Every structure is written in structure tokens, then in C-alpha cells.
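Inspection log for the structure reproduced underneath, given as C-alpha cells.
It should be emphasised that the depicted structure is a prediction, and the values quoted were computed from it without experimental measurement.
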Amino acid sequence: MQKTGWLRAGFAMAGVMTLAGCGHRDAVDTVDNWYHQYQGGEIAKQRPPAPGVHEPYPHVGLTPTTTVDLPSAQARQALTDRLTLQRNLSQHLVVADGPLIIAPPPPPPKPRPANDDSGSSMSVGAPGQTAPAATVPPAASTAPANQARPHTAETGSQSKPVKAGTDAQPAPEASLPAVTVFTPPPIKPGELPQINDLPPVAPSFPGFAIPRDASLPDIAPPAYDLTEPHGTLIRFNQASDQMANGQEGTIGKILGSRRPHEILYVKGFGEITSFRPSEQVLGIKLGLLRARVLAQSLILRGIPASDIRISAGALGHGARIDRSPY
């Protein structure tokens, strides 16, 4: 018992000393090192330090050091202006078309009553179901058959009644016209079919009149003012007079370059969806609210109210600040 205790204590002390010597490595790395030392050779040697391990950290803002091949500033500005015009044109066209109004579906048909006014029962069928065939009394069904009896030309007497469904001959079906197959003549090698210079005449159908302006060119688009408003853009939340987050820095840059007693012009824009007068009125109201909120923010930063001029527009985004009037 004493020998076993001494052995356990010895193994425990050896394990503690081993872990203390490898305190900077985990158990997996320690076992790997033991196995590499057992193998020997190059894998058991100490690894060299990484390149630049003792050098100071590089400045990430200074990389890359090579010049990137980009278009010139004038070409980038021209591309930005063209994209701005296309965006403004699409916005004007969407507003000119107005919102898409979807008509509600028609109400479902009301079911017919089961009994009519006279008290006789009536069957109610589901939509799309064919009505059942009405029952005809026997007298009414045999009367047309008796009236349609043919007379013989030889005796002049009335022939015997023909039993329905047994000796009656069905009416002959109308024959279809014969199909004419047209085979174009084969084209000889080197001979191409002649193509007319002018387009063919538009076909005419009875009951359909081709409009007179069918061959006229397309209508030119309206001459909208697609230029971007001048000034610094201050963003607002969608359809709201609440200023978006992160606009304080932009306002601070504008006020930092302002001279004393210089007048600032503020213009707010609405977000109309059509050019109807009622929509434009709502857009002007939203633009005035945004311009007023931006003016209040300027006043809180020390700008006198007498140095601020506000205006509004029905179509645009957010609000803008500039030193020149709108």
C-alpha cells in the first residue's frame, strides 16, 4: 500500500512539473511536441520565428502602396451625372403614371332560394355546374312525334308511327371542305427570294380599323427638369419629418465653413406619388415640415432665425442646405 501511494504521488508531481513547463501551450500542442521529439529529425527542431515578428505593426491606411488604375475624375463625374439624370427621369415617370390601383374582386353571386313563390321546389346548383335536364310529361313528348308522321305518296294514307330510338335515321353530318396542300417551288442554288424594300401593308380585317397614327414616331418624353438640386442633402426617414440618424456631422461641416451673418437657404422636399393637385399639396406640406425641422436644428446650433430662409418642393428627397437661393 505504501509503495502504491509513493508511485501515485510521483506521477502526480511529474505531471504538475510537465504542465508548468508547458504553460503557454495546451494539451494538444504538448502531446504533438512529445511525438515530434520522439520522431526526431527536422520536425523536432525549433521553428524559426515568423517574418517581421519583431517589427512594428504597419499602418493599414497606407496600403496598398501601388496606384490603382481608375478612370479620371471627369469621367467618373460624367458617369455620376448620367446616372442621376436616369434616376430623376424614372422617378418623374413613376409619379406621372400615378399609383397602381387594383380593382377589388366582384362579390360572389347570391344563391337562389330553394322554393319559388308558387311553392314548387327548385334545385340550387353550384357555380359552374350544369343544370339537370327538366322532366317532360309523356303526353308532351309523344305529341311532336305524332305530328311529324310522314305521308306516303302511293296510297295517301297515313303511315305507321315510327318508334323512337329504333328505326329513326340520324341526320347526316356536314362534310368538311377538302384540304388543299400548297407546296412552294424549290429554290435553286444561287437564287435567293426577292425581298421588298418597303414593309408590307398592314393587314385589314372587317370590323377592325387601324388607327391613323400607327405609323407615326413615338411621342417625345416630357421636358422634365432632371437636374439635381444644388446644396447639401440632409436625409429624412421615409414619409416623415424625422431626421435620419448620422446627419449631425453633415450639418456640422456646413456650419464650419459658414461666414458670420451669412444667409442659409433650406429647402424641404415631399414624396408625392402622382401629379394630382391633392398629392402635390400633401408633398408641399411634408416639404415644409422637413424644412422647419432642419431650421430648428440650425437654430439650436447658434444660427439666428433671421439668417435662415426656408422653402419646399413637392418632388424630391429629404432636405437641402445651401448658401445660394433656390
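- To the nearest 0.5 Å, the span separating OG1 on T273 from CG on L315 amounts to 10.5 Å.
- Annotation: the span from E42 atom CD to H36 atom NE2 amounts to 13.0 Å, rounded to 0.5 Å.
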Sequence neighbours excluded and cut-off under 3.5 Å, please list the side-chain donor-acceptor pairs for residues 84-96, or say none.
{"residue": "T84", "atom": "OG1", "partner": "T80", "partner atom": "O", "Å": "2.7"}
{"residue": "R87", "atom": "NH2", "partner": "E228", "partner atom": "OE1", "Å": "2.8"}
{"residue": "R87", "atom": "NH2", "partner": "E228", "partner atom": "OE2", "Å": "3.0"}
{"residue": "N88", "atom": "ND2", "partner": "T84", "partner atom": "O", "Å": "3.3"}
{"residue": "N88", "atom": "ND2", "partner": "L226", "partner atom": "O", "Å": "2.7"}
{"residue": "N88", "atom": "ND2", "partner": "E228", "partner atom": "OE1", "Å": "3.3"}
{"residue": "S90", "atom": "OG", "partner": "Q86", "partner atom": "O", "Å": "3.3"}
{"residue": "S90", "atom": "OG", "partner": "R87", "partner atom": "O", "Å": "2.7"}
{"residue": "H92", "atom": "ND1", "partner": "N88", "partner atom": "O", "Å": "2.7"}

Let me have the donor-acceptor pairs involving side chains of residues 296-308, under 3.5 Å, with sequence neighbours excluded, atom names and distances please.
{"residue": "D307", "atom": "OD2", "partner": "R258", "partner atom": "NH2", "Å": "3.2"}

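- V293 is connected to I234 through a chain of hydrophobic side-chain contacts under 4.5 Å among Ile, Leu, Val, Met, Phe, Trp and Tyr, so both are in one cluster.
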### Task
Take R323 and S257 through the side chain to side chain contact (heavy atoms under 4.5 Å, CB included) test and state the conclusion after the steps.
CA-CA 11 Å; R323 299 182 179 88; S257 59; 2.6 Å; yes
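- Side-chain contact between K267 and P229 is absent, with no heavy-atom pair separated by less than 4.5 Å.
- Under the 4.5 Å side-chain heavy-atom criterion for ILVMFWY residues, a single connected hydrophobic cluster contains both I310 and L264.
- The two residues G287 and A312 come nearest to each other via the heavy atoms C-CB, 3.7 Å.
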Show every donor-acceptor pair shorter than 3.5 Å between a side-chain atom in residues 274-286 and any protein atom, with sequence neighbours excluded, or say none if there are none.
{"residue": "S274", "atom": "OG", "partner": "R276", "partner atom": "NE", "Å": "3.2"}
{"residue": "R276", "atom": "NH2", "partner": "E279", "partner atom": "OE2", "Å": "3.4"}
{"residue": "Q280", "atom": "NE2", "partner": "F275", "partner atom": "O", "Å": "3.0"}

#### Entry: Derivation and outcome, side chain to side chain contact (heavy atoms under 4.5 Å, CB included), residues R320 and T232
CA-CA 5 Å; R320 291 183 177 270; T232 304; over 6 Å; no
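- Using a 4.5 Å cut-off between side-chain heavy atoms of Ile, Leu, Val, Met, Phe, Trp and Tyr, I263 falls into a hydrophobic cluster with Y265, Y326.
- Linking ILVMFWY residues whenever their side-chain heavy atoms come closer than 4.5 Å, directly or via other members, places I321 and F236 in the same cluster.
- Using a 4.5 Å cut-off between side-chain heavy atoms of Ile, Leu, Val, Met, Phe, Trp and Tyr, I101 forms no hydrophobic cluster with any other residue.
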Quiz: residues 240-256 side-chain donor-acceptor pairs under 3.5 angstrom, not counting sequence neighbours:
{"residue": "S240", "atom": "OG", "partner": "Q242", "partner atom": "N", "Å": "3.1"}
{"residue": "Q242", "atom": "OE1", "partner": "N237", "partner atom": "ND2", "Å": "3.4"}
{"residue": "Q247", "atom": "OE1", "partner": "R235", "partner atom": "N", "Å": "3.4"}

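- Checking side-chain atoms of R76 against main-chain N and O of P71 turns up a donor-acceptor pair under 3.5 Å.
- Under the 3.5 Å distance criterion, the side-chain polar atoms of R290 are left unmatched by any main-chain donor or acceptor of G270.
- When all heavy atoms of A319 and G268 are compared, the pair lying nearest together is CB-CA, 3.9 Å.
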